[in-house]
Every structure is written in C-alpha cells, then in structure tokens.
Amino acid sequence: MQDALKVESIGKKVKLCGWVRTRRDSKGGFSFIELNDGSCMKSVQVLAEAGLSNYESEILKTGIGSSIEVVGEIVESPGKGQTTEVKAETIKIHGYADRATYPLQKKATSMEYLRTIAHLRPRTNTFGAIARVRNEVSRSIHSFFQSRGFLYVHTPIITASDCEGAGQMFNVTCLDLNDIPRKPAEGGARGEINFEEDFFGRPTHLTVSGQLEAEIYATALSNVYTFGPTFRAENSNTSRHLAEFWMVEPEMAFCDLEGDMQCAEDFLKTIFTDVMNNCGADMEFFNQWIDKTVLETLKHIVDSDFVRISYTEAVDILVKSGHTFEFPVSWGIDLQSEHERYLTETKFKKPVIVYDYPKDIKAFYMRLNDDGKTVRAMDVLMPKVGEIIGGSQREERLDVLIERMKSCDLDPEEYWWYLDLRRFGTVPHAGFGLGLERTVQFITGMGNIRDVIPFPRAPKTADF
RNA sequence: UCCCGAGUAGCGCAGCGGUAGCGCAGGUGACUGUUAAUCACUUGGUCGUAAGUUCGAAUCUUACCUCGGGAGCCA
C-alpha cells in the first residue's frame with residue numbers, strides 16, 4: 001500500500017487488501033473509498049465506478065470498518081489531498097461492518113473510550129501509528145545492541161528469588177486457593193503455607209527485573225542485554241505505571257558508571273534518530289494531533305549532550321533555585337517528581353543524568369563510593385515522563401557487597417550464587433534498565449502509558 | 001493507596017430541585033472529483049450503581065464502582 005502512494009507507481013496494476021476508513025459517494029456515478037491496511041499512516045483513495053458489476057449490490061453497502069480487496073491501476077489523482085489513487089477494476093468484499101453498531105466513527109474519540117474497545121482501537125490512525133513506532137523502537141533496540149556485539153539473553157519470567165528488591169511481586173502458584181496445604185502448627189493455630197506441595201516446591205513469583213540473571217551472563221560473555229516483560233504488583237494508579245511492561249536491561253562487564261551513562265545516552269539518541277528516520281509520517285501525525293512539541297523535542301535531544309550532574313550538585317541546584325517545592329529539598333532525600341521536573345523542564349530543558357546517590361535510598365547491589373556515603377547509581381530523567389532509565393555500576397567487591405546486604409537486612413545465604421560471581425573472577429560491571437512503554441510514551445507524546453501498550457495490565461484492568 | 005474532579009443517547013458535551021437538550025454518528029431525501037464532504041428532515045435516553053432527603057431528584061446527602069488530573073512506589 002505504501003508503494004501505491006508513490007508517484008513512480010503510476011501506471012502499475014496492484015491488488016490492495018485492507019479496511020475501509022470512509023466512503024464518499026458521487027451521484028456522478030462513482031464512489032471514493034479510503035482504504036488502509038495499517039502498513040503506513042496514509043490511506044489509499046480507491047475510485048469505484050458505477051460500472052463495476054457489484055457497485056449497487058455490494059460496494060454501496062460498505063463503510064467504515066468493512067474489509068475489501070481491490071484490484072486496479074494506480075493513476076494520477078485529479079483531486080486535491082493525494083497524488084495517486086487506484087482506479088478499481090474489481091472489488092471483492094470480505095466482510096461488512098454495520099455502520100449503526102460499529103464502535104469506531106469517522107471522528108475523534110477519547111482515549112478512554114478507545115481503551116474500552118482495545119480489540120478495535122488498532123484500526124484508528126493514532127493506535128496504528130503507536131504500533132508502528134513501538135515496533136520501530138523495539139527493532140532499534142535490538143539493532144543498537146547487536147551492532148555493538150551485545151548478546152541477547154532470555155532471563156526467566158518465573159523466578160524463585162523473592163527479594164529482587166524492585167517492588168511488590170505477583171505470586172505464581174498452582175496450589176488450590178480454596179484448600180491451601182499447611183504445615184502442622186502448635187496449639188491448633190493455622191500453620192504456614194506448605195509450598196513444598198506447590199509446582200516448584202517453593203514460593204515463586206513473576207520477575208520484576210532480569211538484572212541479577214543478566215549479571216551471570218555478563219560475567220561470562222561480557223556484554224549482554226535482556227528485553228522482555230516485567231511485572232510489578234504495586235497498586236499504582238498513574239499515567240506512567242503498568243503492572244506488566246517491557247524492559248530492556250543491558251549489562252556490561254569491565255564497565256564503570258561513566259561507560260554506563262555514555263551507553264544510555266547513545267542508546268536513547270539512536271532510538272530517537274531511528275524513529276524520526278523510519279516513522280516520519282507517524283511522527284508528523286503525533287506532532288500535529290497529540291503533542292505539537294514532540295518532533296522539536298526529539299531533534300533537540302539528539303543534537304545536544306545530556307546534562308550530567310551528581311546527586312549532591314542536583315540538591316544544591318534545587319536548594320539555590322529559590323523555587324518553593326511542596327517537598328523541601330535536603331541532602332539524603334529521594335528526589336520527588338516535582339524536583340525532577342524542575343531539573344528537566346525548567347532548569348536544563350533537556351534530559352538530565354543524576355548520578356552518585358546516597359546509599360540509603362538505593363539498592364544493595366550498587367557500588368559503594370570511596371566517600372562511604374554514596375553509590376554509583378544513575379537515573380536518566382526526561383521532561384514530562386520523568387525517570388526513563390535507572391542504572392548503576394554493580395558492587396564487585398565480595399566483602400563490601402556482603403556488608404551492604406547485611407545492612408539492608410538481606411541474608412547473603414539467599415544470594416549465594418550472586419556472591420559466587422564476586423568470589424570467582426569478579427569484574428567491574430554496570431548496566432541499566434529502560435522502560436519500553438515510557439520510551440514510546442515520550443516519543444509519541446501520548447499522555448497515558450496504557451495507550452502505548454496493546455493490552456494494558458494495571459490495577460482492576462485486564463479486560464483484553 | 002491518598003487528595004481533587006467527572007460519570008446524562010453509539011461518541012463528545014450542556015442542563016445542577018419542577019420531569020431530557022445540542023453537536024457528531026445512524027436512518028431518509030437532495031446535491032456534489034469527493035477529502036472529518038455539504039444541506040434538509042428524522043430515530044434514539046431506568047441521567048454510573050445502591051440507599052436516603054423531598055410533594056417532586058439528572059440536579060441535594062451518603063456509600064460503592066469506573067474514568068481522569070495530581071501524589072506515593074518505580075521503568
């Protein structure tokens with residue numbers, strides 16, 4: 001269908017299959033059908049003349065949503081709005097869509113409504129464009145890492161490590177919830193659940209991160225990345241959170257935090273560039289109808305260096321800003337949304353990488369700095385969507401890591417395999433996690449993360 | 001989970017104590033190499049759910065459900 005829109009194609013005979021977007025009739029004895037197959041933003045205008053054998057009997061019954069197959073010649077269009085059109089020789093109807101009951105209309109509808117018809121929303125301009133951009137982002141992610149020699153590693157979705165430390169996990173069980181097996185208990189009290197009778201013989205969950213497993217492969221194969229679904233059972237009701245989302249997690253051996261930050265910056269710029277180069281029409285659509293600043297913002301980001309400031313500098317900037325925040329700023333607090341917004345949207349007006357956070361607000365596996373107070377963590381903050389990447393250099397020193405675990409009330413015994421990586425041939429290494437949906441959200445300007453994933457999973461939301 | 005705001009025709013909305021309205025979509029007709037076509041007429045509603053106040057509730061009160069904005073948790 002993309003070829004049918006090109007001037008060079010004039011004179012060629014084509015077969016086009018797709019769904020009718022709209023039909024306009026002329027009493028002059030012909031109809032215009034706008035046909036779209038999702039391969040690109042634009043629809044093809046099909047000219048259906050009354051001379052076609054099924055014009056009265058079938059073609060005039062088609063409308064938005066009908067699926068048809070057109071054979072005809074690509075000709076120059078005399079009308080405005082398109083350079084080419086297809087003069088139909090035959091039109092075969094695959095399926096009608098009743099115009100009175102078909103939920104989509106030839107007009108703008110709300111995102112909230114389209115979410116209730118998630119099985120039909122990919123037929124709209126907006127969701128078609130999102131699907132194509134999401135595809136391009138995914139393709140670009142693989143291409144970026146593959147071209148740099150990273151190995152794609154599949155980490156498990158079901159995990160038995162119940163303390164990955166990144167939030168509330170979903171339980172995975174085959175136990176009969178109406179008759180849960182329990183261990184014997186003293187004094188008639190209810191005993192603990194006996195997971196030995198469960199499928200895996202122990203409690204299991206859906207993964208919240210593939211990082212720890214990725215570290216195993218990075219400390220054997222050097223540079224690796226994971227790309228797959230991730231699950232958080234947090235009761236988050238926001239436009240930036242999902243219970244099931246896709247995450248990219250590179251893990252690089254013999255790499256420090258500087259290398260990690262450079263990789264993250266190059267990575268984001270590559271994705272943005274690829275989308276602008278390969279999804280031009282889709283991006284123009286978003287820029288016109290969703291957010292009039294997305295193209296300008298993406299170009300600006302690709303052409304400029306990300307700001308890099310330490311947490312201490314960030315706090316200093318916020319304190320000296322003279323800006324009154326709802327949550328006062330002082331060294332040691334976690335940065336709030338309003339603080340991140342100030343840095344990315346007001347102060348620098350571009351992505352900001354904040355690094356070297358206080359150890360008390362970050363995970364145990366992040367490498368301790370010589371000051372004993374901060375760790376080699378970094379967050380990439382974007383205007384509007386906030387944190388898009390979170391990463392760190394990992395603690396590779398066995399004794400320091402064990403101490404950190406203890407002070408975080410974690411049992412080193414549980415992480416025996418993770419500690420083995422430091423025990424045998426340890427290496428400095430670093431990595432980060434990128435939220436795919438937040439990336440697509442940022443690129444497209446879509447306001448709600450539930451609209452950039454085909455079938456959103458969120459609290460009380462799993463209808464499709 | 002917390003704080004605000006909103007649920008009225010298929011969709012987008014107005015009405016905010018006296019019994020239901022507009023635009024679009026749908027239907028009918030007119031007109032036209034048309035572009036979210038245009039014009040005329042027209043069908044269509046237990047006013048989110050449940051209880052309460054009142055002579056009378058879409059309108060006031062309470063609870064619940066869902067959605068949106070903000071916050072927390074994070075990607």
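Naming: A, B, ... by sequence-line order, numbering from 1 per chain.
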Exercise. Would you indicate which nucleotide in B:G68, B:U35, B:G12 comes nearest to any side-chain atom of A:R450?
Key: B:G68
Self-check item: Within the 6.0 Å centroid threshold, strictly below: A:F144 and A:H142
Solution: no
Quiz item: Is A:F245 touching bases, backbone alone, or none of the nucleic acid, heavy atoms closer than 4.0 Å?
Solution: base
Quiz item: So which nucleotide from B:A75, B:A37, B:A71 ends up closest to the side chain of A:M247?
Solution: B:A75
Quiz item: Between the side-chain atoms of A:Q105 and the base atoms of B:G10, is any donor-acceptor pair under 3.5 Å?
Solution: yes
Quiz prompt | Gap in Å between the two P atoms, one belonging to B:U53 and one to B:G27, rounded | solution = 47 Å
Self-check item: Sugar-phosphate, base or nothing in reach of A:Y102, heavy atoms under 4.0 Å
Solution: nothing
Practice problem: Determine the interatomic distance between P on B:A57 and the same-named atom on B:A30; round to the nearest Å. | Solution: 47 Å
Quiz item: Taking the side chain of A:H241 as heavy atoms from C-beta outward, which of B:C73, B:G33, B:U35 is closest to it?
Solution: B:C73
Quiz item: Ignoring hydrogens and angles, does a donor from either the side chain of A:S236 or the base of B:C74 sit under 3.5 Å from an acceptor on the other?
Solution: no
Quiz item: So do A:M169 and A:T159 actually touch side chain to side chain, heavy atoms under 4.5 Å?
Solution: yes
Quiz item: Can you check whether A:H339 reaches A:F327 side chain to side chain, under 4.5 Å on heavy atoms?
Solution: yes
Self-check item: Nearest-nucleotide pick for A:T238, side chain only, options being B:A71, B:G12, B:U66
Solution: B:A71
Exercise. State which of B:C11, B:C67, B:G27 makes the closest approach to the side chain of A:R99.
Key: B:G27
Exercise. Give a yes or no on whether a salt bridge exists between A:R134 and A:E437, defined as a side-chain N under 4.0 angstrom from a carboxylate O.
Key: yes
Quiz item: RNA chain B: A:N448 or A:I64, which has the more 5' nearest nucleotide?
Solution: A:I64
Quiz item: Does any donor-acceptor pair link the side chain of A:E85 with the base of B:U35 at a separation under 3.5 Å?
Solution: no
Quiz item: Where the side chain of A:S337 is concerned, which of B:A71, B:G33, B:G26 is the nearest nucleotide?
Solution: B:A71
Quiz prompt | Between A:F227 and A:Y152, ring centroids under 6.0 Å | solution = no
Practice problem: Quick one: look up who B:U1 pairs with, Watson-Crick or G-U, both distances under 3.5 Å, and put none if it's unpaired. | Solution: B:A71
Quiz item: Going by modelled atom types, is there a donor-acceptor pair between the base of B:U34 and the side chain of A:D25 at under 3.5 Å?
Solution: no
Quiz item: How close or far is atom P of B:A25 from atom CZ of A:R21, stated in whole angstroms?
Solution: 17 Å
Exercise. Between B:A14 and B:G52, how far apart are the C1' atoms? Round to whole Å, please.
Key: 28 Å
Quiz item: Considering only heavy atoms and no angle criterion, is a donor-acceptor pair shorter than 3.5 Å present between the side chain of A:E234 and the base of B:U1?
Solution: no
Quiz item: In terms of side-chain heavy atoms of A:Q336, which of B:G68, B:A71, B:A37 is nearest?
Solution: B:A71
Self-check item: Between C1' of B:A37 and CZ of A:R23, the distance in whole Å
Solution: 13 Å
Quiz item: Is B:G7 paired to anything, Watson-Crick or G-U wobble with both distances less than 3.5 Å, and if yes, which nucleotide?
Solution: B:C65
Self-check item: Worked check of side chain to side chain donor-acceptor pair (under 3.5 Å) between A:H429 and A:E215
Solution: CA-CA 8 Å; A:H429 60 293; A:E215 284 187 50; 2.7 Å; yes
Practice problem: Determine which nucleotide pairs with B:A36, using a 3.5 Å limit on both distances of a Watson-Crick or G-U wobble pair. | Solution: none
